[in-house]
Colleague: 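So that we are looking at the same thing, I have put the structure below in structure tokens.
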Amino acid sequence: MFFTKFFMRYRERSQKIKACIFDLDGVLVDTAIYHYRAWKKLAQSLGFDFSKEDNEHLKGVNRISSLKMILNWAGLQKSEEEIERLAELKNQWYKEMIGMMNAGHILLGVEDFLKELKEADYLLAVGSASKNAEALLMKTGLRHYFDVVIDGTVVSESKPDPAVFLKAAECLSVDPVCCVVFEDAQAGVEAALRAGMMVIGVGKVEDLREACEVVSGLHELNVKKLCSILKENAN
Ligand code: G6P
Ligand code: MG
């Protein structure tokens with residue numbers, strides 16, 4: 001019922017996508033691996049470990065919620081104060097890991113695709129749960145491509161809550177139905193669907209089954225291919 005409603009809306013909007021909203025970590029920049037490594041280091045320091053498959057559930061989820069999920073998997077209980085301290089420790093490690101990041105860490109094909117979208121007059125936004133998003137966009141030189149950046153400092157609800165994408169659409173003054181989202185996270189795909197937006201997965205099909213199309217990276221896309229995906233999913 002839920003999904004039927006959204007697939008029917010796809011039909012209406014095929015020709016009128018005006019805005020592209022990009023997740024940041026793992027879609028635009030190669031940082032998903034550093035979040036994973038920093039969480040793994042923290043988990044191991046608590047005598048626990050988790051797999052790459054488990055990590056798929058953490059992608060797109062904000063810092064505190066991710067930590068609570070890890071503690072839950074480990075069967076550990078911590079006070080709110082300790083949770084804050086552990087989250088800060090993970091962030092320190094993560095920031096050390098991304099300290100040297102520059103334009104070389106932009107994922108393959110990203111800049112070509114963004115340039116082409118801008119030339120074709122699409123509005124562009126970032127929709128990320130990260131509080132480090134603005135810093136990363138500046139370090140990599142990507143900030144100027146985006147009309148709007150909605151991140152974890154603007155929206156406190158974590159994906160799969162649709163708030164981050166709805167806020168991006170609102171700031172762009174575009175109806176959610178006229179937005180397409182690019183996401184590498186299961187939680188992000190769900191958030192986009194709950195926002196009533198079409199979503200293209202970036203990663204593996206088996207991790208992102210609900211996306212209307214999955215590509216291994218943005219290097220597989222250009223405006224022509226995007227239009228044909230939008231059209232295919234409209235019928
Ligand atoms: C992104 C990543 C998550 C990360 C979250 C918060 O959504 O996919 O792995 O936990 O941002 O990032 P932050 O930089 O604020 O800790
Ligand atoms: Mg991501």
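Counting convention: from 1, in listed order, for ligands and their atoms alike.
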Colleague: Using ring centroids (six-membered ring only for Trp), state whether F182 and F113 fall under 6.0 Å.
Modeller: yes
Colleague: Which of the atoms in ligand 1, numbered in the order shown and given with their element, are less than 4.0 Å from a heavy-atom of K131?
Modeller: 13 (P), 14 (O), 15 (O)
Colleague: With atoms numbered from 1 as shown, which atoms in ligand 1 lie under 4.0 angstrom from a non-hydrogen atom of S66?
Modeller: 10 (O)
Colleague: Tell me which protein heavy atom sits closest to atom 5 (C) of ligand 1, plus the residue, atom name and distance to 0.1 Å.
Modeller: V61 O, 3.4 Å
Colleague: Using heavy atoms and a 4.0 Å limit, tell me yes or no: is A185 in contact with ligand 1?
Modeller: no
Colleague: Give a yes/no answer: is there an N/O/S atom of D23 under 2.8 Å from the Mg ion (ligand 2)?
Modeller: yes
Colleague: Got a sec: does the NZ of K225 have more than 12 other heavy atoms crowding it under 6.0 Å?
Modeller: yes
Colleague: I'd like to know whether CD of E206 has more than 12 heavy-atom contacts from other residues, nucleotides or ligands below 6.0 angstrom.
Modeller: yes
Colleague: Could you list the atoms of ligand 1 found under 4.0 angstrom from a heavy atom of R63?
Modeller: 6 (C), 13 (P), 15 (O), 16 (O)
Colleague: Which residue is it: D30, L218, T140, V29? I am looking for the one with a side-chain contact (heavy atoms from CB on, under 4.5 Å) to V110.
Modeller: L218
Colleague: Return the closest protein heavy atom for atom 6 (C) of ligand 1 as residue, atom name and distance.
Modeller: S130 CA, 3.6 Å
Colleague: Which atoms of ligand 1 sit under 4.0 Å from any heavy atom of N132?
Modeller: 13 (P), 14 (O)
Colleague: Is it true that Y34 and Y94 have ring centroids separated by less than 6.0 Å?
Modeller: no
Colleague: Around atom 9 (O) of ligand 1, find the nearest protein heavy atom and jot down its residue, atom name and distance.
Modeller: H35 CG, 3.6 Å
Colleague: Report, in ascending order of atom number, the atoms of ligand 1 lying under 4.0 Å from any heavy atom of G60.
Modeller: 2 (C), 3 (C), 7 (O), 8 (O)
Colleague: Tell me, please: is G152 in heavy-atom contact with ligand 1, that is, under 4.0 Å?
Modeller: no
Colleague: What angle, to the nearest 10°, do the atoms OD1 (D184) and O (D25) form about the Mg ion (ligand 2)?
Modeller: 100°
Colleague: Note the single closest protein heavy atom to atom 1 (C) of ligand 1, along with its residue, its atom name and the distance in Å.
Modeller: D25 OD2, 3.2 Å
Colleague: If I take atom CZ from residue R63 and atom CD from residue E84, how far apart are they, to the nearest 0.5 angstrom?
Modeller: 9.5 Å
Colleague: Is there a salt bridge (Lys or Arg N to Asp or Glu O under 4.0 Å) between K118 and D147? Walk through the geometry before answering.
Modeller: CA-CA 10 Å; K118 274 207 108 54; D147 302 288; 3.8 Å; yes
Colleague: Are L46 and L71 packed together at the side-chain level, in the sense that at least one heavy-atom pair is separated by less than 4.5 angstrom?
Modeller: yes
Colleague: Side-chain contact test, heavy atoms from C-beta onward, threshold under 4.5 Å: evaluate it for L166 versus R194 and give yes or no.
Modeller: no
